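Remarks on the structure that follows.
The shown structure was predicted, so the numbers you read here are calculated from the model rather than taken from an experiment. Here is how names work: the chains are called A, B, and so on, in the same order as the sequence lines, proteins then strands, and each is numbered from 1.
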Amino acid sequence: MSDFVERRITLEWQAPRRSYDVAIIGGGGHGLATAYYLADRHGIKNVVVIEAGYIGSGNSGRNTTIIRANYGIPEAVRFYQRSLDLYGDLEEELNCAFMYETKGLMWLAHTQPAMRAEQARSLLNAACGTETVMITPQQAKELCPQLDLSGGGRYPVLGASYHPGAATARHDRVVWAYAQGAMRRGVHVVQHTKVTGLLRDGARVTGVETSAGPISAGTVLSAVGGRVSTIAAHAGVRLPIRTHPLQAFVTNGYDFPFPGIVGDTELLCYLSQTERGQMLIGAEYDAQPSYSQRSSFSFLQSCAAKAIHLFPFLRDLRILRQWTGICDISSDSSPIMGESGVEGFLVTTGWGTWGFKAIPAGGEQMAELIATGRPPALIAPFSLDRFARDDTMADPGSTGTH
Amino acid sequence: MLWIPCPTCGRRPVEEYAFGGELRGVSERITDATERDVDYVWMYDNAAGVTVERWFHRAGCRRWLTLRRDTVTDVVVA
């Protein structure tokens, strides 16, 4: 990134045609990345991405921008590490700066069971080619001097797992960069167009019904975040997904540098500093499913209380903004990528609270699946039929928000 | 903010309750016994609209109740 010169992002909007090779529902990171890789890696350019709002208006623009690979099952570690590797070179590849910054991530443990879980995570990560190491409370304090090792007298830090490769990036620019890359290669992106149904020919899905009329397509991919159960129901597919709100907030500017990303696997809250200097704080998702993007005061209370136990300096800051995204939480807390069981209809969903970091790998692998018709080895374990095969990818402890 | 009417305690904030999940049956269209089991264990309607749900009044009378909630507006319907 040394002699990189940022260019203006130019998006060339096109009126949709009536027919495409591939129609992608959802103009977020995953949908646009899949379109980009289809056009760039596989030469499939007759592609349309249909977005109900504006691109990145869903969870791609609402997440807390953390990119990491310290997962708890081998399949997930390999997949997210691939994403981390792709992210590292993505600014050059897309010729667009999005402030990718490797910061390192610390996950604190306050009890012996949590210490054992983090030790197991470190060993598994190392075995799968991802660097995660255990650190002592003193090392944690050196990495992040603001940390109160006594946890406000209530949550003493016994140790932490440290994942140096973790990073943050400006999320909406990632979306625009993929959109620009896809559009330059001939992909059409259509905004403010709702998909109201799926075109069927017998059992097969042959296109989408939209608020701007029907569009036929050889393959339809749902890259929807939030309303995926509704879209899948049009194809007669039921998903192991519940859609929960996830909230986050930022404070006003903190005048000192805050190094790295700190998470807490027991208190379930995590924080980092944005490029503007604000402290960005998130926590677990709301207990009950909801499609309302409303924030709640009780979340602010509970999340701020946790964060202040660990970081007393937060007391002096003020809350600037709070927002909510609606996240598709799968039954085993792992994504669902691949065939839906209905011919012509694929899904990339279940991105819950862990979708942003997976955008490059998710897009790359889904594009390969569409182009070749065979699920690549990296995402084959994440197919929808794993639930029927009783071969689930349970990894709730790695989401940071379980 | 979501307020939930409890038959015993009256209208109370959502924080007093534990969510018990959507009340759902397996569709008649699924006939295979194993497929019915898979559907029952893993799948959800996850409807964007009115759902029938179970809630437990954890910090109150500690009884279960059933209600209808609109998941789009987050309002209890009945």
Side-chain angles (χ1 to χ4, degrees), chain A residues 52 194 224-234 236-245 247 284-302 324 326-334 336 340-341 349-350 352 384-394, chain B residues 1-6 11-60 64-77:
Chain A
K194 278 202 170 70
V224 177
R227 294 297 178 100
V228 65
S229 291
T230 309
I231 295 287
H234 293 314
V237 176
R238 276 162 64 77
L239 294 171
I241 280 177
R242 284 179 284 186
T243 302
H244 292 257
Q247 307 187 38
E284 78 270 32
Y285 52 81
D286 294 5
Q288 74 279 7
S290 172
Y291 291 90
S292 133
Q293 287 179 335
R294 257 178 246 160
S295 310
S296 69
F297 181 68
S298 62
F299 165 81
L300 270 188
Q301 274 184 313
S302 69
T324 303
I326 51 172
C327 304
D328 303 316
I329 311 287
S330 56
S331 297
D332 61 357
S333 299
S334 285
I336 298 165
S340 68
T349 181
L384 176 59
D385 65 2
R386 69 178 187 259
F387 294 95
R389 285 187 283 108
D390 206 14
D391 192 12
T392 54
M393 297 281 121
Chain B
M1 184 176 184
L2 182 57
W3 290 80
I4 293 174
C6 171
R11 194 164 169 269
R12 307 297 303 166
V14 66
E15 286 75 30
E16 292 189 6
Y17 294 82
F19 180 66
E22 67 180 42
L23 203 60
R24 71 197 196 287
V26 178
S27 166
E28 295 287 322
R29 284 180 300 168
I30 307 174
T31 49
D32 180 79
T34 308
E35 280 178 36
R36 288 187 72 85
D37 287 352
V38 169
D39 193 272
Y40 181 77
V41 172
W42 295 114
M43 305 300 170
Y44 297 97
D45 291 339
N46 194 28
V50 176
T51 60
V52 183
E53 309 173 322
R54 296 283 281 163
W55 288 80
F56 178 63
H57 198 181
R58 182 172 51 186
W64 284 93
L65 59 124
T66 305
L67 57 80
R68 286 155 59 80
R69 179 175 65 104
D70 189 325
T71 56
V72 177
T73 55
D74 230 357
V75 169
V76 176
V77 184

Next item on the list: For chain A, find its close neighbours in residues 45-58 of chain B: heavy-atom separation under 4.5 Å, sorted by number, or none.
Entry: B:D45, B:N46, B:A47, B:A48, B:W55
Check: If you count the non-hydrogen atoms of other residues, nucleotides and ligands that lie under 6.0 Å from CZ in B:R36, is the total more than 12?
Finding: yes
Next item on the list: Considering non-hydrogen atoms only, spot the tightest contact between A:L239 and B:M43 and give its length.
Entry: C-SD, 3.5 Å
Check: Shortest non-hydrogen contact from A:P240 to B:Y44?
Finding: C-CD1, 4.1 Å
Next item on the list: Check whether A:T392 gets within reach of chain B through its side chain, its backbone, both or neither, counting any heavy atom under 4.5 Å.
Entry: side chain
Margin query: Under a 4.5 Å cutoff for heavy-atom pairs, which residue among A:A388, A:G226, A:S296 has the most contacts with chain B?
Written below: A:A388
Margin query: Less than 4.5 Å to any heavy atom of chain A: does that hold for the side chain of B:V41, its backbone, both, or neither?
Written below: neither
Note to self: Give the interface residues of residues 16-25 of chain B toward chain A, defined by a heavy-atom separation under 4.5 Å.
What the structure shows: B:F19, B:R24
Margin query: Would you compute the distance between atom CG of A:D390 and atom OG1 of B:T34 and round it to the nearest 0.5 angstrom?
Written below: 11.0 Å
Check: Non-hydrogen atoms of chain A under 4.5 Å away: do they reach the side chain of B:R69, the backbone, both or neither?
Finding: side chain
Checklist line | salt_bridge(A:R294, B:D74) N-O dist < 4.0 Å | finding: no
